[in-house]
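Heads up: the structure comes next, in structure tokens.
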Amino acid sequence: MQMHNKKRIELIIEKMAHKRACRVLEAAGMTGYTVLPAMAGYGGGNRWNRETDISASRDMVVIVSIGDEDKIAEAMLQISDILGDHIGVVSLSSVEVLRPDRF
Amino acid sequence: MQMHNKKRIELIIEKMAHKRACRVLEAAGMTGYTVLPAMAGYGGGNRWNRETDISASRDMVVIVSIGDEDKIAEAMLQISDILGDHIGVVSLSSVEVLRPDRF
Amino acid sequence: MQMHNKKRIELIIEKMAHKRACRVLEAAGMTGYTVLPAMAGYGGGNRWNRETDISASRDMVVIVSIGDEDKIAEAMLQISDILGDHIGVVSLSSVEVLRPDRF
Amino acid sequence: MDVALSTLLSPIILFFALGMGAALLRSQMSVPEAFAKGLAIYLMMAIGLKGGVEMSKNPLTLDVILMLLAGVVLSFALPLIAYIFLRVTSKLSQTDAAATAAHYGSISIVTFVAATEAVKLSGLDSSGHMVAVAALMETPAIITALILAHRGQKREKPVAGSEQGELVREVALNASIVVLVGALIIGWIAGEEGTAQVSPFFVDLFQGVLCLFLLDIGLSAGRGLRQGWRQLSVATVGFGIYMPLVSAILASGIGFALGASAGDVALLITLAASASYIAVPAAMRLALPKANPSVYLTLSLGVTFPFNVTIGIPIYIFLATLVTG
Amino acid sequence: MDVALSTLLSPIILFFALGMGAALLRSQMSVPEAFAKGLAIYLMMAIGLKGGVEMSKNPLTLDVILMLLAGVVLSFALPLIAYIFLRVTSKLSQTDAAATAAHYGSISIVTFVAATEAVKLSGLDSSGHMVAVAALMETPAIITALILAHRGQKREKPVAGSEQGELVREVALNASIVVLVGALIIGWIAGEEGTAQVSPFFVDLFQGVLCLFLLDIGLSAGRGLRQGWRQLSVATVGFGIYMPLVSAILASGIGFALGASAGDVALLITLAASASYIAVPAAMRLALPKANPSVYLTLSLGVTFPFNVTIGIPIYIFLATLVTG
Amino acid sequence: MDVALSTLLSPIILFFALGMGAALLRSQMSVPEAFAKGLAIYLMMAIGLKGGVEMSKNPLTLDVILMLLAGVVLSFALPLIAYIFLRVTSKLSQTDAAATAAHYGSISIVTFVAATEAVKLSGLDSSGHMVAVAALMETPAIITALILAHRGQKREKPVAGSEQGELVREVALNASIVVLVGALIIGWIAGEEGTAQVSPFFVDLFQGVLCLFLLDIGLSAGRGLRQGWRQLSVATVGFGIYMPLVSAILASGIGFALGASAGDVALLITLAASASYIAVPAAMRLALPKANPSVYLTLSLGVTFPFNVTIGIPIYIFLATLVTG
Ligand SMILES: Nc1ncnc2c1ncn2[C@@H]1O[C@H](COP(=O)(O)O)[C@@H](O)[C@H]1O
Ligand SMILES: Nc1ncnc2c1ncn2[C@@H]1O[C@H](COP(=O)(O)O)[C@@H](O)[C@H]1O
Ligand SMILES: Nc1ncnc2c1ncn2[C@@H]1O[C@H](COP(=O)(O)O)[C@@H](O)[C@H]1O
Ligand code: NA
Ligand code: NA
Ligand code: NA
């Protein structure tokens, strides 16, 4: 089975701000992404938990997007800008996909 | 600490169809997988959101399964078949695990 | 855009036991992690599903943590200890990040 | 018309409008999915119980059985008409047209409930077994649609991972059928006396819960419209308005032939005219995964549902009084 | 027996049967987890408040304290009996047997509620402090089970990441204990007058909410059975039926010795005979992670719970009238 | 004082205390988020409807409009005072102080409801339009806070991905405003008669649902305190207590100037004294992402809310009777 190299971006970001990141991904020409709700987390010495914070203002989500290296590079610049203001972590890894034309 | 090379398959697929993919993974001899609910997403120019679609018919899930390269190769063939009919994205990456005999 | 090499640990573990793993990650000096709720899964021949188990005692979560190779090595030892008692899968992969000083 | 106005100004419809307005204005508010689904189960239990208790008061006559049959026939037949209209007037593909047609043969239980209230307000009576008609009309349409979708195509091998009987189980035992039919039978067995203790929950609260639920449906419909209207052509939107009327006329004819009461005929017409937006979309994702959900969901929830609960129902009641003389 | 029949045909039990049937037929319907947990909290608040209000009407006598003590003793003792039965008759490992035994020493609050209704239907009276007995019986069984599980094994070093007092906190402050005991005390403080304003919510709706909740429990029990029955041997299933009867006989003896009212004895018997399926399984995942949840969950929810709410409770009431003669 | 005691011993406050106690004792119990949010929507619908029905009974007078205006002015002005106090007495940064100040200008709808009940218990009357005042007071404070946060800083370019009107939409169309104002208008249109059918749900159950909701708020407040207290200095905690009193005195003055009824003045004071913990924290994550949520959430929910519902409200009612004397 023929596989093709792509990049996978994984962005852990505040729920409140996730639409900003989504807009950036779309603007950079990524063809898709998926948003997963997080349940709890830890960072900078603080813990948060979805069930214990009624305002939900500390909730995080994880955005996964798979696409071409160069489009991702474009998105990264702006994402680093968002992350300057918001809380979050972005990471990049190499993956293989089946249908390269989808991306 | 001795680590061993395995492959990680990440399948983003419609919630309604995820059981099909799960059966395929089981049939291919994968020893386990985990299904994560997605909250929102974007693809083919359309956005969806769990909170706004009462029928939930556009919900996606992410299936993560870690296992042997050759078993995954077997599963990939059938998964590409499912993805011919359903919406979804599959990607493969290299990971290291602790207990190789579990997979 | 300058990227830096880090490791990404992905721990699939029982919800009931996830706090133990979190404490281990914190003790090992990881600067952060994010917990995602899983919805369903399969392992050791058994399936579980969040919606069908009112006791929720078989629920799993996925813990993602990105950090330095050597801190992760420290955490791995203890995590393998937890996994001796609990159900779970741990895997390690290479990722690139933007701001290395955050980790 | 008096009924039309008091329907339009009832809190139930006003909350629907509030939800729809908020979504169109792009408010971020939402009713949590788990909560809305819980309310939906409550509503179906309440509807089923009420129908069952009503049925327990009268024996099962031939008239009732004929009415049940009429519902099944309508659900089988309507998708065929819908499919022809869609293929002739719009550019939808065979699969999309078939999937959309399934929705219009099936029913919307919330529209049914709104009609029940409006019928009562009009001073008409309706029977408990109409709930059974509603439940029976949910699925036949799906079968017709599948035949239409596969017509002229060579039989494909099943999708990897499909399981024997999977679709049948998903469709015939979906939540609304299980709960509606189950509660109907429970209401029938337990009767008025047996259900007295649960009526503060299932009867007294019903209208209020419906308000909350319709706020959520309004939000869904508004968001669907905002996101999906680009996928809809004029021909498709037109279909979302005239198809209910076509179904209504057909059902009026059947109602006339059966000689049923005005209230029951009004409900039969409403069921025929309503389009599914919960059970059928889910079934279509399994059975016709290539069909585009944006088309059929936007149409049934964003166009037909609002049309029915505002303008449609008064028309259907009027039609019913006409044919039952 | 009249009570047995009207118990079996009450909407509450019928909805349980509906859920169980749907699950066994492999329907995909489900009550969202968040909604079901919300209802569970409501039910526990309602039970606690009612018990507290009842208790506020009478002074705390020695009889009440003896009854509380009896519950604690039963919860400590029953797992020992259960463990011996399991080890002798089945092939369960030491850990699995101990974990299962914990469930049978602890209680099921829904079974308790069903018994309360059945007791009322039988024309007997029960006291508010039985809610406190229920709360007190939840946890002692866990301690006995842990001792049994670790018997003869050298003390292991704790699992990495375990925290001092973690288990105690998880168990002693679990949701059902916090809410039950908390609401009991609140009902006691506020009394009948103070709670009058909340009674439309907590009293009038109780039976109806219970229907919805039991639909969900039925679904869980049915799915558990379907997935887990392979893990159960004949000996284990048999245990799920005879163990409640053994506990019942023991509790009857204690009830006789205490000279309590027939209603209270019936409830004590039911508590002894019921098996936990919410609080204890969660505790076992922390305390005995090596034990197999499929065994104990399937047994307590899939076998013992249905047995108790259908056949068991009428037997327990009969036993109670016998010993209080 | 009688009112103070019966407020403290009402089931509503007792359930809040139960939740807070459980959280401080580190119980793991929780009300599922989706369920709690559903209840919050119910409560806001009920409050809005009730206010609207009351308003439909009287014409809209100049007095009402002045009261609405007073609320807006207070919401604009209070953050300025709060900001100055915080900057002078505590070491909070400009951003943190501004974000916290926004919370104290805005309102807590649960505190408002608790005050409404206490006012009724004191034998005073309050008007339906106070609900509108509450809704209007939610957002102006945010604007003041943003001005304070950006004062003296050069205008930054907007964060990548921000959208025109995003914040306004998020804030002005947030769930509580949409539902409160929407339900108010619906109650106004439908009137007493039109809402009669939904009143078993929205009126009779209100107090009970509030108990369940406050159990959850108590859990949140307790967990917030336990996790966040380290972030709070003595000066900040002090602010969480004296700031409500400062706001109360200011609002009393305005109430006196307006010559409103004692009940309405008590509610205005309560609104001024209460601090937001749902709408404003969410807005601050978008608008001032650099501010520390641990500070403002712990303060408003963990310190000010409990202070208000226990000690504060009786004081505010007393103040109101004094100035309207
Ligand atoms: N290294 C990390 N790996 C995974 N998640 C992280 C990491 N650092 C932070 N997070 C997530 O981001 C949230 C905020 O982190 P921080 O920016 O450190 O306050 C945390 O609560 C976690 O959910
Ligand atoms: N490149 C991608 N990366 C991550 N998720 C994707 C991607 N493409 C599609 N998806 C997910 O799959 C869903 C359907 O995509 P599509 O098949 O493009 O319509 C989207 O709504 C996303 O949730
Ligand atoms: N290879 C795997 N890949 C992903 N998830 C797994 C894997 N093995 C086990 N799991 C998850 O861990 C749970 C328990 O697995 P097990 O320890 O094999 O019983 C499963 O239900 C899955 O959710
Ligand atoms: Na129809
Ligand atoms: Na027991
Ligand atoms: Na305020």
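What you see is a predicted model; the values in this text were computed from it and never measured. Order of the sequence lines sets the chain letters (A, B, ...), proteins ahead of strands, with each chain counted from 1. The basis for the numbers below is simple: all heavy atoms, side chains too, and nothing from hydrogens, waters or symmetry mates.
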Can you tell me which portion of D:F206 sits under 4.5 Å from chain F's heavy atoms? Options are side chain, backbone, both or neither.
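Neither; nothing under 4.5 Å.
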Heavy-atom distances under 4.5 Å only: say whether D:L39 touches chain F with side chain, backbone, both or neither.
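D:L39 has no heavy atom closer than 4.5 Å to chain F.
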Below 4.5 Å from any heavy atom of chain D, which atoms of F:F202 appear? Answer side chain, backbone, both or neither.
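F:F202 touches chain D through side-chain heavy atoms alone.
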Heavy-atom proximity to chain D below 4.5 Å, by part of F:I177:
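Neither part; nothing is under 4.5 Å.
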Is it the case that the ring center of F:F201 lies less than 6.0 angstrom away from the ring center of F:Y42?
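Yes, ring centres under 6.0 Å apart.
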Aromatic contact, D:F305 with D:F16 (centres under 6.0 Å)
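Yes, they do, as the ring centres are separated by less than 6.0 Å.
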Please name the pair of heavy atoms, one in [X] and one in [Y], separated by the smallest distance, quoted to 0.1 Å.
| X | Y | value |
| --- | --- | --- |
| F:P79 | F:A101 | O-CB, 3.3 Å |
| D:L25 | F:R169 | O-CD, 3.6 Å |
| D:A221 | D:M20 | CB-SD, 4.2 Å |

Main-chain N/O of F:A102 paired with F:S106 side-chain donor or acceptor, under 3.5 Å:
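Side chain of F:S106 to backbone of F:A102, a donor-acceptor pair under 3.5 Å: no, none is there.
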Would you say the side-chain atoms of D:S126 pair up with the backbone N or O of D:G263, donor to acceptor, closer than 3.5 Å?
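Judged by distance alone, no pair lies under 3.5 Å.
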Considering only heavy atoms and a distance below 4.5 Å, find which of F:I189, F:N174, F:V198 pairs most often with chain D.
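The option with the most such pairs is F:V198.
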Would D:T298 and D:Q231 satisfy side chain to side chain donor-acceptor pair (under 3.5 Å), going step by step from the backbone distance to the final call?
CA-CA 9 Å; D:T298 312; D:Q231 318 255 358; over 6 Å; no
Return the set of residues passing salt bridge (Lys or Arg N to Asp or Glu O under 4.0 Å) with D:R26 (not counting sequence neighbours), or none when no residue passes.
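With sequence neighbours excluded, D:R26 shows a salt bridge (Lys or Arg N to Asp or Glu O under 4.0 Å) to F:E163, given in chain and number order.
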If we define contacts as heavy-atom pairs under 4.5 Å, which of D:Q207, D:Q28, D:E33 has the most with chain F?
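Of the options given, most contacts go to D:Q207.
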For chain D, which residues from residues 44-59 of chain F lie under 4.5 Å away (heavy-atom distances)?
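When heavy atoms of chain D are the reference, residues 44-59 of chain F contributes F:M45, F:L49 within the under-4.5 Å range.
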Residue by residue, which of residues 179-186 of chain F have a heavy atom closer than 4.5 Å to a heavy atom belonging to chain D?
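If one takes a 4.5 Å heavy-atom cut-off, the residues of residues 179-186 of chain F near chain D are F:V179, F:G182, F:A183, F:I186.
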Quick one: which residue pairs count as a side chain to side chain donor-acceptor pair (under 3.5 Å) with a foot in residues 194-204 of chain F, not counting sequence neighbours?
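Sorted result for residues 194-204 of chain F: empty, none.
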Using distance alone, with no hydrogens and no angle criterion, decide if D:S127 and D:D264 have a side-chain donor and acceptor under 3.5 Å apart.
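Yes.
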Measure the shortest side-chain to side-chain distance between F:I109 and F:I107 over non-hydrogen atoms and say whether it is less than 4.5 angstrom.
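In contact.
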